[in-house]
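To keep things clear, I will list the structure first and then write my remarks on it.
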Amino acid sequence: MGEFFKNIGKIPYEGKNSTNPLAFKYYDPDEVIAGKPMREHLRFALSWWHTMGGDGTDMFGVGTADKTWGESEPEARAKAKVDAAFEIMEKLSIDYFCFHDRDLSPEYGSLAETNAKLDEITDYVKEKQAQTGAKLLWGTAKCFDHPRYMHGAGTSPSADVFAFTAAQIKKAIEATVKLGGKGYVFWGGREGYETLLNTNTALELDNMARLMKMAVRYARSIGYTGDFYIEPKPKEPTKHQYDFDTATVLGFLRKYGLENDFKMNIEANHATLAQHTFQHELRMARDNNVFGSIDANQGDTLLGWDTDQFPTNVYDAALCMYEVLKAGGFTNGGLNFDAKARRGSFTPEDIFHSYIAGMDTFALGLRIAVKMIEDGRIDKFVEERYSSWTNGIGKDIIDEKVGFEELEKYALEKGEVTDSLGSGRQEMLESIMNNIMFSL
Ligand code: XUL
Ligand code: CO
């Protein structure tokens with residue numbers, strides 16, 4: 001096995017005053033902050049699809065980056081991808097990776113042949129894991145690119161397609177378990193509709209739940225103890241995706257009794273498409289005990305599609321890490337860079353520049369979030385804003401000691417509300433946020 005990135009060594013941490021583009025300015029993997037090393041707080045993961053396979057192809061042009069890894073045959077290329085991926089992870093101090101089955105090994109003539117070739121590659125990945133210590137964050141199945149999935153996979157009108165989907169997911173779960181993954185993702189790539197004129201939404205959603213129940217039952221039967229994740233996205237590729245946002249997915253999970261096995265994999269760019277902030281989606285997940293993992297990237301609010309940019313917005317990353325810390329940190333999840341370098345950033349070095357940008361952004365976000373919590377001004381303000389619920393009538397409402405009659409009597413006696421109506425102080429809080437961010 002040759003070295004793919006000969007002119008790039010292990011990326012060092014050089015601190016914020018460094019001007020070396022191939023060094024971390026904020027990510028110091030083993031530095032302990034808020035009780036544990038940064039690498040354990042952040043649990044960075046490489047996405048196999050973008051990094052090892054994405055060559056910049058878009059609907060207006062062919063690829064610009066060479067992602068053949070020097071091999072023209074699919075089997076040899078799949079193996080070379082493994083070598084290159086482990087080299088990238090090692091040089092960037094990335095501890096985890098994520099894959100779709102077909103990113104690791106493509107489809108061949110039959111499902112049996114495809115499965116056999118996937119086994120060979122996962123054997124090889126397992127060997128490399130043993131040598132390097134790199135771990136699998138989560139696996140998933142690519143049930144959206146092949147033409148058989150044109151009308152959906154678990155929500156296809158065809159029962160045969162449903163069966164094929166189940167077979168593919170069974171194998172992807174086996175691969176995930178084999179590689180020690182503690183997460184399995186459902187992203188409903190074509191689970192949605194283009195028009196209601198041809199769609200039985202009730203049956204499609206029931207079927208999606210049937211598929212998920214089968215997945216849980218099978219995975220538990222082969223000893224999988226990790227989490228299942230749903231990754232919400234409101235649109236693209238379909239006009240309407242069923243897993244629209246966290247709140248919609250929560251309704252689905254609860255309706256079908258899936259809420260104990262499934263958590264959320266929140267992607268920043270998908271939040272933007274749902275017209276939510278990234279923090280909103282994380283907060284909804286945290287509040288409902290379904291915060292699981294994160295696809296770290298960013299979109300562009302001026303564009304209506306999933307640009308999957310490497311995250312560089314420190315403000316958003318800080319608010320994200322604030323939610324992560326408040327949720328008690330990651331358990332099985334982590335920060336997967338579901339992100340790709342721009343089509344014009346096509347050289348091998350750009351892979352490293354992109355990851356350094358994304359990792360430093362989240363490292364800085366973590367440092368700021370820790371400071372926000374230590375500083376305490378924002379948390380204290382929120383606590384005081386809700387202090388009327390800790391005693392008196394507020395506490396009686398929470399303790400269910402009062403109903404409408406008692407509250408009417410209280411309101412009549414008390415008269416107009418004046419004393420518990422403080423200012424929301426939004427601008428003051430935004431200014432505190434800036435003060436914390438820029439005094440680091
Ligand atoms: C697509 C997307 C996927 C999932 C995994 O928008 O985010 O790459 O993360 O299937
Ligand atoms: Co994603």
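As the structure lists them, so they are numbered: ligands from 1, and atoms in each ligand from 1.
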For ligand 1, what N or O to protein N or O distances fall under 3.5 Å?
residue, atom, partner, partner atom, Å
ligand 1, 6 (O), Lys233, NZ, 3.0
ligand 1, 6 (O), His270, NE2, 2.9
ligand 1, 6 (O), Asp306, OD2, 2.9
ligand 1, 7 (O), Glu231, OE2, 2.7
ligand 1, 7 (O), Glu267, OE1, 2.8
ligand 1, 7 (O), His270, NE2, 3.3
ligand 1, 7 (O), Asp338, OD2, 2.7
ligand 1, 8 (O), Trp49, NE1, 3.3
ligand 1, 8 (O), Asp338, OD2, 3.2
ligand 1, 9 (O), Glu231, OE1, 2.7
ligand 1, 9 (O), Glu231, OE2, 2.9
ligand 1, 9 (O), Asp295, OD2, 2.9
ligand 1, 9 (O), Asp338, OD2, 2.9
ligand 1, 10 (O), His100, NE2, 2.7

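A salt bridge does not link Lys213 to Asp261: none of the charged nitrogens lies less than 4.0 Å from a carboxylate oxygen. Taking a cutoff of 4.0 Å between a charged side-chain nitrogen and a carboxylate oxygen, Glu259 and Arg254 do not qualify as a salt bridge. Note on Lys326 versus Asp379: salt bridge recorded, some NZ/NE/NH1/NH2 to OD/OE distance being below 4.0 Å.
In this structure, Phe5 has its ring center under 6.0 Å from that of Phe352.
A donor-acceptor pair under 3.5 Å links the side-chain atoms of Asn265 to the main chain of Ile294, judged by distance alone.
Shown here are the protein N/O/S atoms lying under 2.8 Å from the Co ion (ligand 2), water excluded: Glu231 OE2, Glu267 OE1, Asp295 OD2, Asp338 OD2.
Side-chain atoms of Ser439 and Lys371, non-hydrogen and from C-beta on, do get closer than 4.5 Å to each other.
The side chain to side chain donor-acceptor pair (under 3.5 Å) with Trp49 is formed by just one residue from the set Asp338, Asp103, Asp308; it is Asp338. Among Phe362, Tyr27, Tyr96, the one residue that satisfies the ring pair (Phe, Tyr, Trp, His ring centres under 6.0 Å) test with Phe44 is Tyr27.
The distance from the SG atom of Cys320 to the CD1 atom of Ile368 is 12.0 Å, given to the nearest 0.5 Å.
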